[in-house]
Trainee: 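Structure below; questions to follow.
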Amino acid sequence: MNTKWKCVASVLAVLAVAAGCGTDSGDAVDGYPTSPNTVTGFEREWKVVADHQTIKAGDVTFTFLNKGTIGHELLVIRTDLPVGKIPIEANGRFNEEGANAVNVGETGDLAVGNTISFKVKMAPGRYQLVCNLADHYKNGMYIKFTVD
């Protein structure tokens with residue numbers, strides 16, 4: 001094989017390897033495997049991180065780790081309000097069963113270093129993944145989440 005064809009073969013081999021390097025359902029995010037019906041992520045002061053912010057309707061499993069230095073919780077809130085704009089009450093939390101924000105699933109208390117999974121039947125719509133402990137939402141513990 002002449003030098004020109006060796007170069008072409010080398011480039012094709014590199015492209016073939018690179019094509020197999022995309023994210024798929026067997027890849028991991030922060031050590032957790034991902035799949036189309038699973039949302040994995042973590043929380044810490046004052047942040048919520050998830051591997052998906054859009055997912056298909058149906059049964060969805062949420063698996064979250066508390067990487068923070070204090071306790072947190074993860075709530076799946078159905079709301080049409082802009083992200084971060086759910087009204088906070090005097091206790092530093094928002095009403096989870098109000099007209100503007102409905103809790104459809106949660107971890108409950110999530111201690112430092114712990115991971116919790118829970119399943120939610122998700123209907124199409126706009127949601128936020130949040131921590132609603134006192135002042136956590138106000139301090140930025142939320143992300144936009146959409147179900148198609």
Side-chain angles (χ1 to χ4, degrees), residues 9-148:
S10 294
V11 168
L12 290 175
V14 168
L15 291 174
V17 169
C21 291
T23 302
D24 64 29
S25 63
D27 289 343
V29 172
D30 204 35
Y32 296 102
T34 63
S35 72
N37 64 340
T38 300
V39 178
T40 60
F42 65 88
E43 294 178 292
R44 67 172 183 241
E45 297 78 22
W46 309 108
K47 191 172 191 173
V48 176
V49 175
D51 64 343
H52 299 294
Q53 288 186 277
T54 302
I55 203 158
K56 297 219 179 283
D59 289 334
V60 178
T61 300
F62 290 86
T63 301
F64 270 73
L65 165 67
N66 181 353
K67 285 185 160 186
T69 60
I70 60 175
H72 293 293
E73 65 180 358
L74 180 81
L75 284 70
V76 179
I77 301 295
R78 183 167 184 141
T79 183
D80 286 327
L81 293 173
V83 67
K85 299 298 183 184
I86 301 171
I88 303 294
E89 298 180 345
N91 64 2
R93 302 176 62 177
F94 60 81
N95 180 355
E96 297 173 15
E97 300 302 327
N100 293 321
V102 178
N103 180 351
V104 298
E106 66 177 282
T107 60
D109 291 336
L110 184 52
V112 173
N114 284 359
T115 299
I116 294 179
S117 292
F118 63 99
K119 189 180 282 190
V120 179
K121 182 125 181 118
M122 304 289 296
R126 293 174 34 185
Y127 297 80
Q128 293 181 35
L129 304 182
V130 308
C131 181
N132 195 27
L133 296 180
D135 297 325
H136 290 212
Y137 185 80
K138 179 177 80 173
N139 287 330
M141 291 195 71
Y142 50 78
I143 59 172
K144 178 179 157 181
F145 192 75
T146 304
V147 178
D148 293 332

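Atom set for the values below is all heavy atoms of this structure, side chains included, hydrogens, waters and symmetry mates excluded. Values in this document were obtained by computation on a predicted structure and should not be read as measured data.
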Trainee: If you round to the nearest 0.5 Å, how far is OG1 of Thr40 from CG of Leu65?
Mentor: 10.5 Å
Trainee: Just by modelled atom types, is the Ile77 backbone N or O under 3.5 Å from a matching donor or acceptor in the Gln128 side chain?
Mentor: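 Not confirmed, Gln128 side chain does not pair with Ile77 backbone.
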Trainee: Measuring from Tyr142:OH to Leu75:CG, what's the distance to the nearest 0.5 Å?
Mentor: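 One finds 15.5 Å between OH of Tyr142 and CG of Leu75.
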Trainee: Could you state the interatomic distance from NZ (Lys138) to CH2 (Trp46), rounded to the nearest 0.5 Å?
Mentor: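 It is 10.0 Å, given to the nearest 0.5 Å.
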Trainee: Let me confirm one number: the CG-CG distance from Asn139 to Leu133, rounded to the nearest 0.5 Å.
Mentor: 11.5 Å
Trainee: Minimum heavy-atom separation for Ile116 and Thr107, please, with both atom names.
Mentor: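 Heavy atoms only, the tightest pair is CD1-O, 3.8 Å.
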Trainee: Side chains of Asn103 and Glu97, heavy atoms from C-beta outward: is any pair under 4.5 Å?
Mentor: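 Result yes, sub-4.5 Å side-chain heavy-atom pair found.
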Trainee: Strictly distance-based, threshold 3.5 Å: is any side-chain N or O of Tyr137 a donor or acceptor partner for the main-chain N or O of Ile86?
Mentor: yes
Trainee: Is the Phe145 to Phe62 ring centre distance short of 6.0 Å?
Mentor: yes
Trainee: How close do Asn132 and Arg93 get, counting heavy atoms only, and between which atoms?
Mentor: O-NE, 2.7 Å
Trainee: Please lay out, stage by stage, how Glu43 and His136 fare under the test side-chain contact (heavy atoms from CB on, under 4.5 Å).
Mentor: CA-CA 11 Å; Glu43 294 178 292; His136 290 212; over 6 Å; no
Trainee: Does the Arg126 side chain pair with the main chain of Asp80, one donor and one acceptor, at a distance under 3.5 Å?
Mentor: yes
Trainee: Just do the side-chain contact (heavy atoms from CB on, under 4.5 Å) check on Leu74 and Leu129 with the steps written out, would you?
Mentor: CA-CA 7 Å; Leu74 180 81; Leu129 304 182; 4.1 Å; yes
Trainee: How about Cys131 and Leu110: do any of their side-chain heavy atoms sit closer than 4.5 Å?
Mentor: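 Not touching, per the 4.5 Å side-chain cut-off.
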Trainee: Please name the pair of heavy atoms, one in Val147 and one in Lys56, separated by the smallest distance, quoted to 0.1 Å.
Mentor: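 Heavy-atom minimum between the residues: CG1-C, 3.9 Å.
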Trainee: Would you call Asn66 and Asn114 a side-chain contact if the rule is heavy atoms closer than 4.5 Å?
Mentor: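 Not in contact.
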Trainee: Backbone N or O of Ser117 within a donor-acceptor pair of the Thr63 side chain at under 3.5 Å?
Mentor: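 No; judged by distance alone, with no hydrogens or angles, the pair does not exist.
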Trainee: More than 12 heavy atoms of other residues, nucleotides or ligands under 6.0 Å from CG of Asp109: yes or no?
Mentor: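 Counting other residues, nucleotides and ligands, CG of Asp109 stays at 12 neighbours or fewer.
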Trainee: What pair of heavy atoms forms the shortest contact from Tyr127 to Val76, and how long is it?
Mentor: CD2-CG1, 3.9 Å
Trainee: Grab the two heavy atoms, one from Pro124 and one from Ala57, that are nearest each other, plus how far apart they are.
Mentor: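 Where Pro124 meets Ala57 most closely, the heavy atoms are CD-CB, 3.8 Å.
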Trainee: Do His72 and Ile70 come within less than 4.5 Å of each other through their side chains, counting heavy atoms only?
Mentor: yes
Trainee: For residues Ile143 and Ala50, report the shortest heavy-atom separation together with the two atoms involved.
Mentor: CD1-CB, 3.7 Å
Trainee: Kindly say whether Asn100 contributes a backbone atom to a donor-acceptor pair with the side chain of Thr79 at under 3.5 angstrom?
Mentor: yes
Trainee: Using atom types as modelled and distance alone, determine if a side-chain donor or acceptor of Glu45 lies under 3.5 Å from a backbone N or O of Thr69.
Mentor: yes
